[in-house]
Amino acid sequence: MTLLVEQERNDALLAWYRVERRSFPWRGESDPYKVLVSEVMLQQTQASRVIPFYERFTARFPSAADLASADLKDVLALWTGLGYNSRALRLRETARIVTRDGWPTTPVGLVELPGIGPYTAAAVASFAFGEQVATVDTNLRRVLSRWHGESLSGPTLHSVAADDLGHPAADWNQAMMDLGATRCLPRNPDCTRCPVAQWCVGPDSYRPPTPQGRFEGSARQLRGAVVRSLVGGEATGREIAGHTGFPVKDVERALADLSDEGLVSDDGTGTYRIAE
DNA sequence: TTCCGGATCA
DNA sequence: TGATCAGGAA
């Protein structure tokens, strides 16, 4: 791929983005705390669903210091419905660290924080600190795989993303995610309305990730119900089983796991509550 | 590789 | 019903 082609493709992408970009409350945000809140909420969660959670959460906890000193129960009360509750616990841990030590501004520094992996580190670095790095998420993986005609993953994917990166990176990243979410769809890509179709091999090379197991009847469903119950107030395993309808044995198992993970605490008498 | 939530949409 | 989702950690 010649440099000229990459330039023309990125020019067309960014021109499209200026007109067709989606509007979100975190778009254009440069406060690293608010960027981080949005990015953690967006992990494995559709952007449209995050909007009301982001608005409520940032209103209640406007700064990292506010979140750092919050009770986990209050945090989870605003998280319930988003899913993956450990994200909230790790987000508060990171808030405590940056309140004490300040913010790393590079991906290498950010990725050391709890709950921040390669994607979120790149996102905060790009959107809050202006670092010229690619935010390699599921959208970029799909779009880049189709551009180049091979299913990209791992180090190869990141290398290709760095090569193709346009500038400013914050705009390019968000343009790529918008393209993936509104044109370059997993199942029904709308190539006729794609601004960069003439520089793209085509949609066939993309391979979807391995699908998740059933949610109904899963441990995840049970765990979610247990946390939701304890956000409402402390309770015994039997009580939780009673009003969630899950077997006591399974509830006890979930409580033990959630305790190990730091989401739940046990006073030793069989009564459980959200950890502090 | 597998597990971690749960709402949305085809 | 199933697929998808601005991923991360063990």
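Lettering of chains follows the sequences in order, A, B, ..., and the numbering in each one begins at 1.
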Measuring from A:Q221:CD to A:E216:CD, what's the distance to the nearest 0.5 Å? 4.5 Å

For a salt bridge (charged side-chain N to carboxylate O under 4.0 Å, His left out) check, start with the C-alpha distance between A:R253 and A:D250, then their side-chain angles and the critical distance, and finish with the verdict. CA-CA 5 Å; A:R253 175 75 260 169; A:D250 294 343; over 6 Å; no

The first and last nucleotides of DNA chain B lying within contact of chain A, meaning any atom under 4.0 Å from one of its heavy atoms, run from B:dC4 to B:dT8

Could you run down nucleotides 3-10 of chain C 5' to 3' and tag each one B, S or - for protein heavy-atom contact under 4.0 Å? SBBBBSS-

Check whether NZ of the Lys or CZ of the Arg A:R60 lies under 6.0 Å from the centre of the six-membered ring of A:F57 and within 45 degrees of that ring's axis. no

Taking 4.0 angstrom as the limit, do A:E261 and A:R223 come out as a salt bridge? yes

Under the side-chain hydrogen bond (donor to acceptor under 3.5 Å, both in side chains) rule, what do A:H167 and A:N10 come out as? Steps first, then yes or no, please. CA-CA 8 Å; A:H167 302 279; A:N10 282 340; over 6 Å; no

Return the 5'-most residue of the pair A:T210, A:M41 with respect to DNA chain B, ranking by each residue's nearest nucleotide. A:T210

side-chain hydrogen bond (donor to acceptor under 3.5 Å, both in side chains) involving A:E20 - partner list, sequence neighbours excluded: none

Using atom P in both nucleotides, what's the gap between C:dA6 and B:dC3 to the nearest angstrom? 23 Å

Within the 4.0 Å heavy-atom criterion, would you say A:G213 contacts the bases, only the backbone, or no part of the nucleic acid? nothing

Taking all atoms of both residues into account, what is the closest heavy-atom pair of A:I240 and A:A235, and its distance? CG1-CB, 3.9 Å

What distance, rounded to whole Å, do you find between the two P atoms, one in C:dA10 and one in B:dG5? 14 Å

Can we say A:D171 and A:R18 salt-bridge, meaning some charged N sits less than 4.0 Å from an Asp/Glu carboxylate O? no

Who pairs with A:Y54 by ring pair (Phe, Tyr, Trp, His ring centres under 6.0 Å), at least two apart in sequence or on another chain? A:W26

Is the NZ or CZ atom of A:R21 both under 6.0 Å from the centre of the six-membered ring of A:Y17 and within 45° of that ring's axis? yes

For A:N85, answer base if it contacts any base atom (sugar-phosphate contacts may also be present), sugar-phosphate if it contacts only those atoms, and nothing otherwise; contact means non-hydrogen atoms under 4.0 Å. sugar-phosphate

Residues pairing under salt bridge (Lys or Arg N to Asp or Glu O under 4.0 Å) where one sits in residues 137-148 of chain A, two or more places apart or in two chains, turn out to be none

If you take any heavy atom closer than 4.0 Å to DNA chain C, which residues from residues 225-254 of chain A end up in contact? none

